[in-house]
Amino acid sequence: MRRISGAQGIVETLVSEGVDTVFGYPGGTVLELFDALYDATDKIRVIEPTHEQHGCHSADGYARATGKTGVVIATSGPGATNLVTGIATAYLDSVPLVAITGNVSNQMIGTDAFQELDITGVTLPITKHNYFVRDANRLQEVLREAFRLANSGRRGPVLVDIPADVQRAMIDWQDAGPLPADEPPRASRDELEAAATAINRSRRPFVYFGGGAVWSGASQEIIDFAKKIGAPIGCSLMGVSGVPTDAPGFLGMEGMHGHFASTRAMYECDCLIALGARFNDRSTGDRTKFAPSGKVVHVDVDTSEFSKSLEDQVEVKSDVRAFLEDVAELIEPNTHEEWVRHVRELRAQERGYADYREGLTPKNVMEAIDAARSEDVAVVTDVGQHQMWAAQYLRFTRPRTFITSGGLGTMGFGLGAANGVALATGRPSILVTGDGSFAMDMAEMITAADHHIPVCIVLLNNGVLGMVRQMQSLFKGQRYAMTTLRHGGADFCAIARGMGAEATRVQTIEEFSEALGRALLAQSDPATAGPKLIEVPIDKDEFVTPVLRIGASMDELIVNMDDVRARMGR
């Protein structure tokens, strides 16, 4: 038993939970905590972002790349509210995160003191749970429980709000290790038999997996399962990198901006086996017309997802990998030759829609990124057209190497997350971003420069909000309301250099390939590691295809630029 302060107890708990990096911004109500962290720099690395939101995204990226729980710290009031978007981003994508905020001292609670805020009330809808710790003797108990909750079941963020006097208070401390995460749920025999019956009776099965399958570590099990039942495989945006791009039967991401063959096969199947995925509207389109002849076998650890968006005929509460292991003995091998032949025809049709232009096109840029990076270098994206091009064209062999904001679609997510990924893995990360998103998070180049974080930034600059402008082109009569960016003339390379980054602007695909190769090579040497920006100009009328009007049915996909030009009357 030792006598230590509450703040020291917080740090002791972080160390016992295996935390080696925290992202935090100091302030008045966390003075004690940062003072305690100052004494623990041999155990915990503290990264100070330029803004609390970026720090939260960094902790998020750290968690997605490693599977560990990310940690972010902020002061009360605006420091705490600056975390809200980052917490919501993690919540919508089921990312384990512990956010620790300071608050005013207990005796000042409820007096509208300077920077007092009820952050637990603010974040209640976007956390798995949150705590307001008014008694220092409960700190260890609460923090251990917060880490257990964040990384159990359907993972997600937990917030712990701690008044300043609780951090200062002296307490008796006895070391205690982390609480084990809850055992993943496994399906009952009845659930397994119901699922197997639906799968064995199908003639056109389709395996659809999402982020839950990635967190489960079920990559090989998905491939083996699909091969056994003769089913093609597709994924949600959150599932990208969950199986190798060249895995047998894998058709890629499906949905509004997904691969044509994957989207059509999912729409036409008669048994949709959903593994750790929710049916976002971007995946289904008009839900009243989705899978009109198909049964849905839905496997998830979170029962609140069952029949929330689609009617699930078979509901299985289970970890994805556990389900695939347990159901294997009940599944009958099948080839479904007619269905496989039809899917092969869909893939051939998709190849006919491909963009084969030469030059500095989005597809060619993504292929150049693939050629330059090693398979263990993660790609992070912001949100917009560039995000979809990355998901469509990049190739992956390892899970957790595609990091993006899916559920919330958070512009400004990318650079903070890319910093977190690089720090977590000890390898360079590549950020693919657009000028709209980059304007929201480019200050994090300062953080990357200060800490020599090896992040390579590929900035696709078209001077517009590309995804919104694309929708205006197709669905709003080409009325470009406020999507031509005021910073269209900004010199991003000069800005980057002013923040301590290296920067270059390219004009050809050959120049881009050379610049990215040099940037990645420089990241391998600690003396030259740090943020490297490559600005790539692209045309404002580059489109993401396929594309679907919001609310339309998946059989109304606009599949290529010929369809786009026809829709625009060109």
Side-chain angles (χ1 to χ4, degrees), residues 50-51 53-54 56-57 60-61 82 85-86 88-89 92 237 256-257 282 360-363 365-366 369 379-394 403-419 430-446 448 455-476 478-496 498-499 501 503 505-506 512 531 533-545 547 550:
T50 57
H51 189 285
Q53 180 176 326
H54 301 321
C56 199
H57 293 323
D60 179 317
N82 282 343
T85 298
T89 300
L92 267 292
L237 177 63
M256 175 181 284
H257 298 298
R282 295 307 201 252
L360 210 55
T361 67
K363 178 175 181 289
V365 170
M366 298 307 149
I369 291 173
V379 176
V380 183
T381 81
D382 267 302
V383 170
Q385 286 179 310
H386 62 274
Q387 175 189 33
M388 296 297 103
W389 289 320
Q392 288 179 343
Y393 297 131
L394 290 173
I403 311 292
T404 196
S405 168
L408 198 63
T410 306
M411 291 178 68
F413 167 81
L415 189 47
N419 285 344
I430 297 175
L431 169 64
V432 177
T433 187
D435 47 317
S437 287
F438 190 60
M440 296 185 181
D441 60 17
M442 62 183 174
E444 277 302 276
M445 286 188 291
I446 297 172
V455 57
C456 297
I457 304 160
V458 178
L459 168 58
L460 300 182
N461 188 351
N462 58 7
V464 297
L465 292 176
M467 188 63 85
V468 183
R469 189 180 194 278
Q470 173 173 320
M471 289 189 282
Q472 291 170 335
S473 296
L474 289 168
F475 312 124
K476 286 296 178 184
Q478 298 161 55
R479 289 162 52 85
Y480 300 119
M482 282 63 81
T483 47
T484 300
L485 297 174
R486 300 297 188 272
H487 63 244
D491 187 340
F492 285 111
C493 288
I495 293 169
M499 292 182 176
R505 184 180 293 109
V506 301
F512 173 71
L533 171 70
I534 306 172
E535 185 178 357
V536 183
I538 61 170
D539 191 271
K540 63 181 182 300
D541 287 319
E542 290 284 0
F543 275 45
V544 175
T545 57
V547 58
I550 295 173

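- Atom OH of Tyr480 is separated from atom CD of Gln470 by 10.0 Å, given to the nearest 0.5 angstrom.
- When side chains are defined from C-beta on, Leu394 counts as touching Ile369, because their heavy atoms get closer than 4.5 Å.
- Residues Val536 and Asn461 form no side-chain contact, since every pair of their non-hydrogen atoms from C-beta on lies 4.5 Å or further apart.
- Taking 4.5 Å as the limit, some side-chain heavy atom of Thr85 sits within range of a side-chain heavy atom of Thr410.
- Shown here for Gly414 and Asp382, the closest heavy-atom pair between the two residues is N-OD1, 2.6 Å.
- With a 4.5 Å cut-off on side-chain heavy atoms, Arg505 and Phe492 do not count as touching.
- The salt bridge (Lys or Arg N to Asp or Glu O under 4.0 Å) test applied to Lys363 returns Glu367, not counting sequence neighbours.
- By the side-chain contact (heavy atoms from CB on, under 4.5 Å) test, Met445 pairs with Leu415, Phe438, Met442, Ile457, Ala496, Met499, Ala501, sequence neighbours left out.
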Would Gln478 and Ser473 count as a side chain to side chain donor-acceptor pair (under 3.5 Å) if you check the C-alpha gap in whole Å, the side-chain angles of each, and the deciding distance to 0.1 Å? CA-CA 4 Å; Gln478 298 161 55; Ser473 296; over 6 Å; no
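- Taking 4.5 Å as the limit, every side-chain heavy atom of Thr361 sits out of range of all side-chain heavy atoms of Tyr393.
- Put simply, the residue from Asn419, Asn82, Asp441 that forms a side-chain contact (heavy atoms from CB on, under 4.5 Å) with His54 is Asp441.
- Note that CE of Met440 and CD of Gln53 are 9.0 Å apart. Values are rounded to the nearest 0.5 Å.
- Side chains of His257 and Met467 form a contact here, defined as non-hydrogen atoms less than 4.5 Å apart.
- Side-chain contact check for Gln472 and Thr483: at least one donor-acceptor pair (N or O, by modelled atom type) lies under 3.5 Å.
- In this structure, Ile538 CD1 and Gln385 CD are separated by 6.5 Å, a value rounded to the nearest 0.5 Å.
- At a threshold of 4.5 Å between non-hydrogen side-chain atoms, the residues Gln387 and Ser437 do not count as touching.
- Going from atom CG of Asp541 over to atom CG of Asp539 covers 5.0 Å, rounded to the nearest 0.5 Å.
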side-chain contact (heavy atoms from CB on, under 4.5 Å) between Glu542 and Leu360, worked out: CA-CA 11 Å; Glu542 290 284 0; Leu360 210 55; over 6 Å; no
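- For the pair Trp389/Val365, no side-chain contact is recorded, criterion being any heavy-atom separation below 4.5 Å from C-beta on.
- Taking OG1 of Thr433 as the start and CG of Leu459 as the end, the distance is 6.5 Å to the nearest 0.5 Å.
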Could you give me the CA-CA distance, side-chain angles and deciding distance for Leu465 and Met411, then say whether side-chain contact (heavy atoms from CB on, under 4.5 Å) is met? CA-CA 11 Å; Leu465 292 176; Met411 291 178 68; 4.1 Å; yes
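- Side chains of Thr404 and Thr381: a donor-acceptor N/O pair is present below 3.5 angstrom, by distance only.
- With sequence neighbours excluded, the residues forming a side-chain contact (heavy atoms from CB on, under 4.5 Å) with Ala417 are Val380, Phe413, listed by chain and number.
- Separating the NZ atom in Lys540 from the CZ atom in Arg469 is a distance of 5.5 Å, to the nearest 0.5 Å.
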